[in-house]
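What follows is one structure encoded as structure tokens, with my remarks underneath.
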Amino acid sequence: MAKWGMTIDLDRCTACQGCVTACQLENNLPPTGPKEAHAGRNYTWMEMIPFEGEGERPKPIERLLPRPCLHCDNPPCVKVCPVGATFKNEEGIVGQIFTRCIGCRYCTTACPYTARYFNWVTPEWPEPMEDHLNPDVSVRSKGVVEKCTLCHHRLQNARDQARAEDRPMRPGEYTPACVEACPTSAMQFGDLSDPESDVSKLAHSRRAYKLLEDLGTEPKVIYLREGE
Amino acid sequence: MRSVLMTVFAVLIVGGFVAVVYGIVVRAEPVTQPIAFNHAIHLDDAGLECLACHTRAATDVSAGIPGKAVCLDCHDIDEEGGSHTEKDKLFAFEDTDGDIPWGRVAVTKPDVFFSHRRHVTSGKLDCLECHPDQAELDAPPPTAQLVMAMDDCIECHQQRGVSEDCLACHR
């Protein structure tokens, strides 16, 4: 059984936010507009988190860290959901069944990476965009929590194609939209349980580290530190 | 008397909630189709396979409703014109720009993703396993013949040992 994971190389990342836009288009994330943004209610499943980098200039260099849901192997969000709307599946993807969610927001509080978002308003798109939503992904209603699904629909499509051609799924056939859009190949995706996969080798390299590792959440999105 | 009424009321509320939550295919408004298509004649007498007309069932999420080009592949106005009312309705569409305006009788809920391709091509299921009554239909039903609940899906998935992952159907 595959264990899907991702590495993000902070040396290669230019903070272009191509991954953010690709994710929004792939997963039908509506633009929230200035009013909601001002209230801090923007939501992007892939978010650029600002942090202070190292440096000896007059002040430390401001950096941006691309942060999807980290799909923890020990996910705190799953433990607190009172209705079983969120769970970790056999392949390690932390899923969310949007129509089962009651919007209690325990999970948004429990997630140490702030990777979960509550829908404060009914989603609306500007006129030309509403006709071009991705039919493989639902439009979530107001009042539920949503999050990155590692583009699970792409896994299903890749698997269907492989079965139709009566062959095993090839590495690289299932790639989330953010990884596909990255112009510098800073993001790598694949099966962490395969020691020969590129992502597995990177995840076990000297530069690899996990966000807030001491919490024991065991994230499957692993960062490669910069400057080495 | 009051407790009986309360019980009936509670059953209606709970029953309605369960039907809304667990039904994955809901009936659309009753539809009168432009042609009284006879499935029984096509399957039994003509010996056609379902996929002969519903070609997208093997390759796409939706099985689709065949357009006039599929019908006119077999039916010829010179040989059959004027012989049968329903066939004449088909031939009336032959020289028009538009296609036959078939009405949709079943829709899945917006959060449920059912793929015909996954069941027909990957699962190698016969269409009649899920649509058993379709072969006996001599006229189009005004509403969906098949109304499935999540229990039906789960039961079949358990019997066949295939994925019961929530993400397989809900997104």
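Below, chains carry the letters A, B, ... as their sequence lines are ordered, and counting in each starts from 1.
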Does any backbone or side-chain atom of Ala168(B) lie under 4.5 Å from a heavy atom of chain A? Answer side chain, backbone, both or neither. both

Smallest heavy-atom separation, Pro110(B) atom then Ser138(A) atom, equals O-CB, 3.7 Å

Glu164(B) atom CD, over 12 foreign heavy atoms within 6.0 Å: yes

Near Tyr106(A) OH, under 6.0 Å, is it more than 12 heavy atoms from other residues, nucleotides or ligands? no

Using heavy-atom distances under 4.5 Å, tell me whether Arg117(B) contacts chain A through its side chain, its backbone, both, or neither. side chain

Side chain to side chain donor-acceptor pair (under 3.5 Å) partners for Arg116(A), two or more places apart: Thr86(A), Gln96(A)

Pairing residues for His116(B) by the ring-ring contact (aromatic ring centres under 6.0 Å, His included) criterion, not counting sequence neighbours: Phe114(B)

Specify the closest pair of heavy atoms between Ile93(A) and Leu167(B), including all atoms of both residues, with the distance to one decimal. CG2-CD1, 4.0 Å

With a 4.5 Å heavy-atom cut-off (strictly below), which parts of residues 146-173 of chain A touch chain B? List them by number. His152(A), His153(A), Gln156(A), Asn157(A), Asp160(A), Gln161(A), Arg163(A), Ala164(A)

List the residues meeting ring-ring contact (aromatic ring centres under 6.0 Å, His included) with Trp120(A), not counting sequence neighbours, and say none if there are none. Phe118(A)

Contact origin within Asp111(B) toward chain A - heavy atom pairs under 4.5 Å: both

Of all the heavy-atom pairs spanning Pro135(A) and Phe113(B), show the shortest one and how long it is. O-CE2, 3.2 Å

Taking CD in Glu90(A) as the centre, count heavy atoms belonging to other residues, nucleotides or ligands within less than 6.0 Å. Is the count above 12? no

Is Asn27(A) in contact with chain B via its backbone, its side chain, both, or neither, using a 4.5 Å heavy-atom distance? neither

Taken to the nearest 0.5 Å, the spacing of Arg171(B) CZ from Phe98(A) CZ works out to 10.5 Å

